[in-house]
Amino acid sequence: MSLARTWSVGLAGVHGALVEVEVDMSAGVPGVVLVGLPDAVVRQSVDRVRAAVVNAGASWPLRRVTIGLSPASMPKQGSGFDLALAAGVLAAAEVVPAGAVADLVLLGELGLDGTVRAIRGVLPAVLAARQAGHRQVVVPVGNADEAALVDGVTVLPASSLRELLAHLTGRALLEPHVRGVLPEPPPGPDLGDVVGQAVGRRAVEVAAAGGHHLFLAGPPGAGKTMLAERLPGLLPALDEQSALEVTAIHSVAGTLPSGAPLVTRPPFEAPHHSATMAALVGGGSGLIRPGALCRAHRGVLFLDESPEFPRAVLDTLRQPLERGSVTISRAAGSATFPCRAQLVLAANPCPCATAAGDAACTCSAAERRRYQSRLSGPLLDRIDLRVDLPPVTRASWLDGIEAPESSAVVAARVAAARATAQERMRGSGLTLNAQVPGRLLRERWVVPRSASRLAERALERGVLSVRGLDRVLRVAWTLADLAGRSVPGPEHVAEALGMRLQRVAA
């Protein structure tokens, strides 16, 4: 009887968990028994691995093979265990030394011809391997740049099982991968393309400076989509920790840009209004994958034609937007994904959505109310900025005197305002005005009563909820940061209140 051990990594959400692969060979009827809660893909890997081993020039052992995946209580999903299973079987059969694979972490899917194919979730898997103390990982060549983002781990890229066998037997060692210079991401859309719409441009600047959610309403062609698409370009580039978080999410989702292993700019997600609840928030019948909200982590989630989304789908956003994370539970387990994204909603004023405005509208008052009521009050109560965009006039389109400010100019003001807020909130664990709890607004960063009197009257009249009042004060702090003021004044509270109540008044 012979026994061999090696390692691979399973995924639970965007976190990896080390899986010990044990292979035992004993006398008996030839066959393979795979235990440890494998899903259908892992069970089918036995046939892929057998064909790959034979086509790599080795012999499949004609003995009883028992393969255990530990911890046995954790569900194992996906095709990333193939390479570890092949190495474990060959080590148990004494084709390769057992010591060569004992501390090695192997990730990759095998083709029937023995080629090693790229898989999802390599970055969180390598992070988990490093945390567990492993210092060498074998990955597919297509995932080598992504794996090399993790410092302190030697990445050995393999293009085929034959190459891995040569490495393990010492005939031809795999060369450690050295990651090249990360390419610059292509430039995004520029805010200078948006003509007119001073109110909309002001709204996206305030949203970027404070991390506030935004609701844009207006007729077709008013610039709602253009403004939303340019919001990520106003946000600061992701720091190292945030970039790894976002990259891990996109790695698990399989949406990493080609040739760009590290996401360094805030992502932008714009799902179609036919998206399901699982597509928007996350889920799946097998491997739980992140939805559009999670893929927009540290960036922007844009829902165009938001009243066309099913109301139940939109309302699932309420709790994740407050918590900054979402936990998806299934019978086989659960997964938690970070989702601290800025939400931007866009809507037409009515179903017919004529560019000519109310004069040409054919909708009845009841139809307009039904259309606008598809966005629930509790969801809208979580939106800090609600802006009506008027149609773009001929003067602003054809006869503009000055060119609009570019994204670079506005982004510089946003960066300065964020730096002011971070300095004020140093030591609190907060970085954005939108994250400040209401209690701290009333105890630590108090807006003077002389400045907040207008908002307090709106609360007294029932126009604002208590949550709404807190959000008005947060926006007022952002406006003060943009203006270079140390404390919000009455004009900042008035502007913040106007940005919140504009849709209510409409």
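These values consider heavy atoms only, across backbone and side chains, with no hydrogens, waters or symmetry-generated copies. Counting begins at 1 with the first residue of the sequence.
At least one side-chain heavy atom of V206 sits under 4.5 Å from a side-chain heavy atom of L479. Residues D481 and Q422 fail the side-chain proximity criterion, which asks for heavy atoms closer than 4.5 Å. For the pair S159/T115, no side-chain contact is recorded, criterion being any heavy-atom separation below 4.5 Å from C-beta on. Proximity of S45 to V42: side-chain heavy atoms (C-beta onward) are separated by under 4.5 Å at one or more points. For the pair Q342/L235, a side-chain contact is recorded, criterion being any heavy-atom separation below 4.5 Å from C-beta on. Contact check for V21 versus I67: side-chain heavy atoms found under the 4.5 Å cut-off. Counting heavy atoms from C-beta outward, L227 and L191 have side chains that approach closer than 4.5 Å. Two residues are said to be in side-chain contact when any heavy atoms from C-beta on lie closer than 4.5 Å; L473 and W445 fail this criterion.
Scanning both residues, A209 and A417, for their nearest heavy atoms gives CB-CB, 4.0 Å. Nearest heavy-atom pair across A158 and V116 is O-CB, 3.5 Å. Heavy atoms only, all atoms of each residue included: P61 and M25 are closest at CG-CE, 3.1 Å. Summarising the geometry of A253 relative to P290, their closest heavy-atom pair is CB-CG, 3.8 Å, with the distance given to 0.1 Å. Residues L174 and P157 share a closest heavy-atom pair of CD2-O, 3.7 Å. Scanning both residues, R298 and P266, for their nearest heavy atoms gives O-CB, 3.4 Å.
Note that CG of L303 and CG of L280 are 6.0 Å apart. Values are rounded to the nearest 0.5 Å. Taken to the nearest 0.5 Å, the SG atom of C339 stands 4.5 Å off from the CG atom of L293. The CZ atom of R382 sits 8.0 Å away from the OG atom of S376 when rounded to the nearest 0.5 Å. One finds the CG atom of L231 at 10.5 Å from the CZ atom of F302 (value rounded to the nearest 0.5 Å). For the atom pair CG (L85) and CZ (R50), the distance works out to 12.0 Å, reported to the nearest 0.5 Å. Taking CD of Q136 as the start and CG of L156 as the end, the distance is 5.0 Å to the nearest 0.5 Å.
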Apply the test side chain to side chain contact (heavy atoms under 4.5 Å, CB included) to residues V414 and E205: give CA-CA distance (whole Å), side-chain angles for both, the deciding distance (0.1 Å), then the verdict. CA-CA 7 Å; V414 167; E205 180 178 346; 4.2 Å; yes
Where do E245 and R340 land on the salt bridge (charged side-chain N to carboxylate O under 4.0 Å, His left out) test, with the steps shown first? CA-CA 11 Å; E245 284 181 5; R340 196 166 293 282; over 6 Å; no
Taking it one step at a time, do S79 and E109 satisfy side chain to side chain donor-acceptor pair (under 3.5 Å)? CA-CA 5 Å; S79 58; E109 175 185 332; 2.8 Å; yes
In sequence, state the C-alpha distance, the side-chain angles, and the governing distance for R162 and L165, and then conclude on side chain to side chain contact (heavy atoms under 4.5 Å, CB included). CA-CA 5 Å; R162 190 182 296 271; L165 290 178; 5.6 Å; no
Would L214 and I383 satisfy side chain to side chain contact (heavy atoms under 4.5 Å, CB included), going step by step from the backbone distance to the final call? CA-CA 6 Å; L214 175 62; I383 307 297; 5.5 Å; no
Apply side chain to side chain contact (heavy atoms under 4.5 Å, CB included) to V204 and V410, showing your working. CA-CA 10 Å; V204 295; V410 179; over 6 Å; no
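Side-chain atoms of R230 come within 3.5 Å of backbone N or O of D190 as a donor-acceptor pair. Looking only at distances, no side-chain donor or acceptor of R444 sits under 3.5 Å from a matching main-chain atom of L440. H250 places a side-chain N or O within donor-acceptor distance of the main-chain N or O of R295, the cut-off being under 3.5 Å. Within the 3.5 Å criterion, the main-chain N or O of T336 finds no donor-acceptor partner in the side chain of T327. Side chain of H134 to main chain of L104: no donor-acceptor pair is present (N/O by atom type, distance under 3.5 Å, no hydrogens or angles). Checking side-chain atoms of S8 against main-chain N and O of L83 turns up no donor-acceptor pair under 3.5 Å. Formation of a donor-acceptor pair under 3.5 Å by the S251 side chain with backbone atoms of G121 is found in this model. The backbone N or O of L343 lies less than 3.5 Å from a partner atom in the side chain of H213, making a donor-acceptor pair. Between the side chain of N55 and the main chain of L112, a donor-acceptor pair closer than 3.5 Å is present. Listed for the R201 side chain is a donor-acceptor partner under 3.5 Å among the backbone atoms of V194.
Counting heavy atoms of neighbouring residues, nucleotides and ligands inside a 6.0 Å radius, atom CD of E322 exceeds 12 of them. Other residues, nucleotides and ligands contribute over 12 non-hydrogen atoms within 6.0 Å of the CZ atom of R318. Remark: E443 CD is packed, more than 12 non-hydrogen atoms of other residues, nucleotides or ligands lying under 6.0 Å away. Heavy atoms of other residues, nucleotides or ligands lying less than 6.0 angstrom from CD of E94 number 12 at most.
Screening V89, L34, D82, V33 for a side chain to side chain contact (heavy atoms under 4.5 Å, CB included) involving V46 leaves a single residue, L34. Partner of N433 under the side chain to side chain donor-acceptor pair (under 3.5 Å) criterion, chosen from H212, R424, R418, R474: R424.
Between D470 and R442, at least one side-chain nitrogen of the basic residue sits less than 4.0 Å from a carboxylate oxygen of the acidic one, meeting the salt-bridge criterion.
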